2 protein chains.
Amino acid sequence: MSQPKYRQIASELRGQIVSGALREGDRLPTEPQLQERYGVSRNTVRDATALLVHEGLVQRVPGRAGGMIVRKTASLTFHAHRAEMPAQPMAETDAWRSEVEAQGYEASQDFFLMIQSLSPDLAERLHVEPDSDAVLRRCVRYVNGQASSLQDTYYPMDLAEMVRELLSSKDVPQGTTRLLAERGYEQTAYYDEYVSRMPTPEEANLLGLQPGTPILLHIRTGYTEQRPVRVSFNVFAGDRNQIVATHGDVRIIARFRPEEAAR
Amino acid sequence: MSQPKYRQIASELRGQIVSGALREGDRLPTEPQLQERYGVSRNTVRDATALLVHEGLVQRVPGRAGGMIVRKTASLTFHAHRAEMPAQPMAETDAWRSEVEAQGYEASQDFFLMIQSLSPDLAERLHVEPDSDAVLRRCVRYVNGQASSLQDTYYPMDLAEMVRELLSSKDVPQGTTRLLAERGYEQTAYYDEYVSRMPTPEEANLLGLQPGTPILLHIRTGYTEQRPVRVSFNVFAGDRNQIVATHGDVRIIARFRPEEAAR
DNA sequence: CAGTGGTCTAGACCACGCG
DNA sequence: GCGTGGTCTAGACCACTGG
C-alpha cells in the first residue's frame, strides 16, 4: 500500500500541475527546497522530479536563472489530407507552410536528397527487391525556428528514372504528388499507419526533443492503379503536433469546426 | 564533446540492441556486472539503464530470476475504419474481436457505463452546453489477457434519451454505430485526431504500461447530417498497437497487402 | 537462501549562465 | 560570484522470487 517517498512527492507535485495550482511556465520549488520540505536526500528529490520529466509534465533548465518549469503543450494541427489530394491546386510543402502560418507561426524547412539501398521492410512496402536503390527525399520542418517534424519519402529508383525531377536536390515547385500525377502516376489509394513510440537519440537530436517526449509517426504508402510509388515517414514531435484526418462530408464538420472550412 | 559516463554506457548497450547482438527477450548484464565492466558505481549503471528503459528498449524485472531484458515490439494492427462504416454488417466490438483473433491473439473486454458532466472541451466537440450531462461508455480491451487499449465514447444526454439502449450497461448487439443509424442518426462524417503523448499514471495503471511506453490517442468525432452525435477517445498502449486507415480504392492496396483483403 | 532490481542516504565536484 | 541543475561515488537496507 505504502508508496515510496519519491512517488508520493511526485504525486503531490503532479496534483499541483494538473489541478492548475502550477501553470504552464511556472517554476517548481528548487531541489534544495524540496529536500527541506519533505526531509529527504537530494537523490530522492531527483527521482521524484525525474518521474515528472518522463511524463512530459516538467522540463529542467540548468543555470543560475534555471529551475524546473511546467511544460507548455502548444499543439500544431497537421491535416493528413490537405497536402495530398491530386485535385489540390497546392504543393505539399506550400500546403504545410500555409497551414503553419494560418495557425500563427513562422514556417521554414530544410531539404536533403539521398540515394539509399532499401531495407527488407521498405522494399516490401514498395514491392521491389530488397537492397535495390531508392531515392530518399528528406524534409526537416521548422516552426518558429524550432524543428517540429521531419518527412522522409522513398521513391523506387526505376520510377525516379522516369520522373527525373525526383533526382534533383531542389524543391519540386508543384509538389511531388502533383508532379507524379502529371507524368501519369496519379496516386489513387493511400495506406496510412499511425504509431506512437519513443524517439531514437538521433530523432531526439534532430527535433530537439526534451526527455519524456514521444513521437507520432505517420507512415503513408501511396499507390497508383498499378503499384506502390512512394512511402513517406512523417516524424512529429509529440509535444508540438497532432494529425487530423476527415472522412465523409467535410461541409458538415465545417459547420461545427469553422477552422476546417479554410479550404 | 565528452559524453558523461552513463550516456556512453547506454550508447554501447543500445548499439548491441539495435544491431541485433542482443535480441528481443535477451537479458542484459546484471547491474554488478556492468559496474565491474565499466568501473563505475551502481547509481551510474542505473542512470545508464534508466535511459534505455525510458526509450522503451529495455524492461527491468525484479526477483531472483529477473534482470533487464530487451523488450518485444509485437504490434497489433487496428483498422480505424472497419468497425465504423454503416454499410458494415459487423458490430464494433465484434469487428475488434475478429481483428485481434485474425492476428492470432485472444480477445476479451470489460464494459462500463457512466453518466458524466461534460468538460468545456468535450462540450465544444459535441456542440452542447458545458456542464450538461453525457453518457460515457467505456470499453477496456484485453489481448491475451493483457489490457491493450481502452475506448471512452461520450453521447449527449438528449440523444441517449431518444436512443435508450445507450443507457443500458449491456453491450449493444449490433454495435452502437449501427444502432444509431437504425434510429435515424447515421454518421456521415468523421473528424479524426491522432496524438502521441506519455500516459497519465491512471492510464499507465489501467493498461499495465511499462515506463518508457507512450500512448497513441485516436479521437473520433462522429457527425450526422445535422450534428455531432458522439466523440470517442481510443487510448492505445503504444508498444502494442498501431492504427491503420486506408483511403481510395482498397482493392489496389489489397493486391500488395494481402492481409488487407480480409474484408 | 541467494541474487536480482528498488529505494534511499550523504556526501562530492562540475557546467552553466544571470547579476 | 553563486545558485541552479548535471553527474558521480560508496555505501545501506528492502522486496521479490526461483532453487
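Just so it is clear: chains get the letters A, B, ... in the order the sequence lines come, proteins before strands, and each one is counted from 1. Since the structure is predicted, the reported quantities are computational estimates derived from the model, not experimental observations.
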- Task: Check Leu52(B), Ile69(B), Leu57(B) against Leu28(B) for a side chain to side chain contact (heavy atoms under 4.5 Å, CB included) and give me the one that passes.
- Result: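 Only match with Leu28(B) under side chain to side chain contact (heavy atoms under 4.5 Å, CB included): Leu52(B).
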
Going by the rule salt bridge (charged side-chain N to carboxylate O under 4.0 Å, His left out), which residues pair with [X] if we only count those two or more places apart in sequence or in a different chain?
| X | answer |
| --- | --- |
| Arg60(A) | none |
| Arg46(A) | Glu31(A) |
| Arg71(B) | Asp239(B) |

- If you check the Lys5(B) side chain, which of dC8(D), dT7(D), dG5(C) turns out closest?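 Selected nucleotide: dC8(D).
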
Between [N] ([atom2]) and [X] ([atom1]): distance, integer Å:
| X | N | atom1 | atom2 | value |
| --- | --- | --- | --- | --- |
| Gln35(B) | dT9(D) | CD | P | 9 Å |
| Arg46(B) | dT9(C) | CZ | P | 15 Å |
| Asp47(A) | dG5(C) | CG | P | 17 Å |
| Tyr6(B) | dG5(D) | OH | P | 15 Å |
| Gln8(A) | dT7(C) | CD | C1' | 12 Å |
| Gln3(B) | dT7(D) | CD | P | 10 Å |

Short side-chain to backbone donor-acceptor contact, [X] and [Y], under 3.5 Å:
| X | Y | answer |
| --- | --- | --- |
| Arg137(A) | Leu113(A) | no |
| Ser196(B) | Ile215(A) | yes |
| Arg97(B) | Ala107(B) | yes |

- Message: Is the phosphate of dT7(D) approached by Thr44(B) (side-chain N or O, under 4.0 Å from OP1 or OP2)?
- Response: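 For dT7(D), neither OP1 nor OP2 has a side-chain N or O of Thr44(B) closer than 4.0 Å.
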
- Task: Could you tell me whether the phosphate oxygens of dG6(D), OP1 or OP2, come under 4.0 Å of any side-chain nitrogen or oxygen in Arg60(A)?
- Result: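 For Arg60(A), the contact criterion (side-chain N or O under 4.0 Å from OP1 or OP2 of dG6(D)) is met.
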
- ring-ring contact (aromatic ring centres under 6.0 Å, His included) partners of Phe236(A), counting only residues at least two apart: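 For Phe236(A), the residues satisfying ring-ring contact (aromatic ring centres under 6.0 Å, His included) (neighbours in sequence not counted) are Phe78(A).
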
- Would you indicate whether Glu36(B), at its atom CD, is surrounded by more than 12 heavy atoms from other residues, nucleotides or ligands within a distance under 6.0 Å?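 No, CD of Glu36(B) has 12 or fewer neighbouring heavy atoms, counting only those of other groups under 6.0 Å.
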
Got a list of protein N/O to nucleotides 1-4 of chain C N/O distances below 3.5 Å?
{"residue": "dA2(C)", "atom": "N3", "partner": "Arg64(B)", "partner atom": "NE", "Å": "3.4"}
{"residue": "dG3(C)", "atom": "N2", "partner": "Arg64(B)", "partner atom": "N", "Å": "2.7"}
{"residue": "dT4(C)", "atom": "O2", "partner": "Gly63(B)", "partner atom": "N", "Å": "3.3"}

Would you list the protein and nucleotides 11-14 of chain D atom pairs, both N or O, that sit under 3.5 Å from each other?
{"residue": "dA12(D)", "atom": "N6", "partner": "Arg42(B)", "partner atom": "NH1", "Å": "3.3"}

